[in-house]
Amino acid sequence: MAQGAGVGRSARAVVHEQLRRRIISGELPPGAPLSENELAAELSVSRTPVRESLILLADEDLVQVFPQLGSFVSRLDMRLVADAQFVREAIEVASLRDAADRLDDEALTALREVLARQRELGDDVEEFFRLDEEFHHLLLAVGGHAGAWRVVESAKAHLDRARRLGLRTVSPIALLVAQHTAVVDALAAGDLAAAEAALREHLRAVFDDIERVRERSPELFVSDDGERPVRRSVMVWR
């Protein structure tokens, strides 16, 4: 049975969740081949839930399937990243306006506690990513829109892949914490315009990070010439 399977959950659901998480986290990097047999053995399931999960992931543009060649983790597509960032910014900035009206001592304390935990992390990228999610979810909750986080999460899979690459290779955690702090400080001061400007700057910084990552590792990104893998002695892209 797939690792982590719960009562009442299908093997396909569990396999899809695990593969999706591994792709978004970068554990399965852009361009990596995906063997149904190997994944089935690793997850202790038959090939059927793996195959069905890969189809679902292809529908999300997280996997590419090439006839006679196999399935591969999709490389990063800047169009999809930009769309995801647009959705996220629209929702979070709109909610911030309501947060400015609803901010009280309890909410401000909760936000500052998350910031304090972020400052203590050092270089723990995975824990920072979790606390970053907690911070942005909390901002939505302060604005009275906690339920909108589901929409943000659904939209930003491609954005998260890019953000994780940036966290590992470009953006220092201290800078991101400082950007979070600027948003909270502006809210606490009652300066909505400054809070919105700080949040937009923070959310858009991912594009600069991505450009630096792409300069270093262009093979992780979709190119303009429709590259596809080919079989040689090992699988390569061209």
Side-chain angles (χ1 to χ4, degrees), residues 24 76-214:
I24 292 173
L76 291 167
D77 187 329
M78 285 306 302
R79 294 169 300 178
L80 297 174
V81 172
D83 286 346
Q85 196 280 337
F86 173 81
V87 171
R88 180 175 195 179
E89 181 177 322
I91 291 174
E92 292 200 29
V93 171
S95 178
L96 197 65
R97 297 164 195 158
D98 292 330
D101 295 330
R102 294 165 53 96
L103 187 71
D104 55 22
D105 290 342
E106 182 180 355
L108 184 57
T109 297
L111 287 166
R112 293 206 185 280
E113 285 178 349
V114 176
L115 293 177
R117 280 184 282 147
Q118 290 179 352
R119 294 190 189 99
E120 296 169 356
L121 287 177
D123 296 324
D124 190 336
V125 169
E126 288 305 313
E127 182 61 13
F128 174 78
F129 193 87
R130 187 188 69 76
L131 288 175
D132 179 73
E133 300 276 280
E134 182 178 340
F135 174 78
H136 287 276
H137 191 182
L138 182 56
L139 268 183
L140 286 176
V142 172
H145 303 289
W149 182 250
R150 294 178 184 174
V151 179
V152 173
E153 275 194 310
S154 177
K156 68 187 182 69
H158 296 278
L159 179 61
D160 283 349
R161 296 176 72 200
R163 289 172 61 222
R164 284 178 182 270
L165 283 174
L167 276 173
R168 290 194 177 97
T169 60
V170 180
S171 283
I173 289 176
L175 173 61
L176 300 174
V177 177
Q179 292 172 349
H180 288 168
T181 302
V183 175
V184 174
D185 287 347
L187 279 178
D191 191 341
L192 176 59
E196 287 186 354
L199 183 58
R200 289 186 191 277
E201 179 183 2
H202 170 62
L203 294 177
R204 294 178 183 182
V206 67
F207 293 120
D208 291 333
D209 291 348
I210 291 171
E211 282 307 310
R212 289 194 284 272
V213 172
R214 184 155 59 174

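Computed from heavy atoms alone, side chains included, the values below leave out hydrogens, waters and symmetry copies. One-based numbering along the sequence shown.
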Determine the minimum heavy-atom distance between L115 and F135, stating which atoms define it. CD2-CE1, 4.0 Å
Taken to the nearest 0.5 Å, the spacing of L96 CG from E89 CD works out to 11.0 Å
Pairs where residues 104-118 contributes a residue and the test side chain to side chain donor-acceptor pair (under 3.5 Å) is met, not counting sequence neighbours: R112-D185, R117-E134, Q118-H180
Whether E153 and R150 form a salt bridge (side-chain N of Lys/Arg under 4.0 Å from carboxylate O of Asp/Glu) is what I want to check. no
CZ (F207) with more than 12 external heavy atoms under 6.0 Å: yes
Check whether any side-chain heavy atom of W149 lies under 4.5 Å from a side-chain heavy atom of V152, and answer yes or no. yes
Rounded distance (nearest 0.5 Å) linking atom NE2 of H137 with atom CG of D132: 13.0 Å
Would you check if R212 and D208 make a side-chain contact, meaning some heavy-atom pair closer than 4.5 Å? yes
Measure the shortest side-chain to side-chain distance between L159 and V206 over non-hydrogen atoms and say whether it is less than 4.5 angstrom. yes
Decide yes or no for V87 and K156: does some side-chain heavy atom of the first lie under 4.5 Å from some side-chain heavy atom of the second? no
Would H202 and H136 count as a side-chain contact (heavy atoms from CB on, under 4.5 Å) if you check the C-alpha gap in whole Å, the side-chain angles of each, and the deciding distance to 0.1 Å? CA-CA 11 Å; H202 170 62; H136 287 276; 3.2 Å; yes
Salt bridge present between R214 and E211 (N-O < 4.0 angstrom): yes
Rounded at 0.5 Å granularity, tell me how far CG in D160 sits from CD in E133. 5.5 Å
Between A205 and Q179, what is the shortest heavy-atom contact and its length? CB-NE2, 4.3 Å
About how many Å separate CG of L175 and CG of D209, when rounded to the nearest 0.5 Å? 8.0 Å
Can you sort out the partners of T181 under side-chain hydrogen bond (donor to acceptor under 3.5 Å, both in side chains), two or more places apart, ordered by chain and number? R119
Side-chain contact test, heavy atoms from C-beta onward, threshold under 4.5 Å: evaluate it for L76 versus L165 and give yes or no. yes
Under the side-chain hydrogen bond (donor to acceptor under 3.5 Å, both in side chains) rule, collect the residues that match up with D83, sequence neighbours excluded. none
Start with the C-alpha gap between L187 and L108, add the side-chain angles, then the distance that decides, and say whether side-chain contact (heavy atoms from CB on, under 4.5 Å) holds. CA-CA 9 Å; L187 279 178; L108 184 57; over 6 Å; no
side-chain contact (heavy atoms from CB on, under 4.5 Å) for L203 and Q85? Distances and angles first, verdict last. CA-CA 7 Å; L203 294 177; Q85 196 280 337; 3.6 Å; yes
Identify the two heavy atoms, one from A99 and one from L139, that lie closest to each other, and give their separation to 0.1 Å. CB-O, 4.2 Å
Candidate pair I91 and L140, rule side-chain contact (heavy atoms from CB on, under 4.5 Å), full reasoning: CA-CA 9 Å; I91 291 174; L140 286 176; 4.0 Å; yes
Nearest atoms (heavy-atom pairs only) where I173 meets D124: CD1-O, 3.9 Å
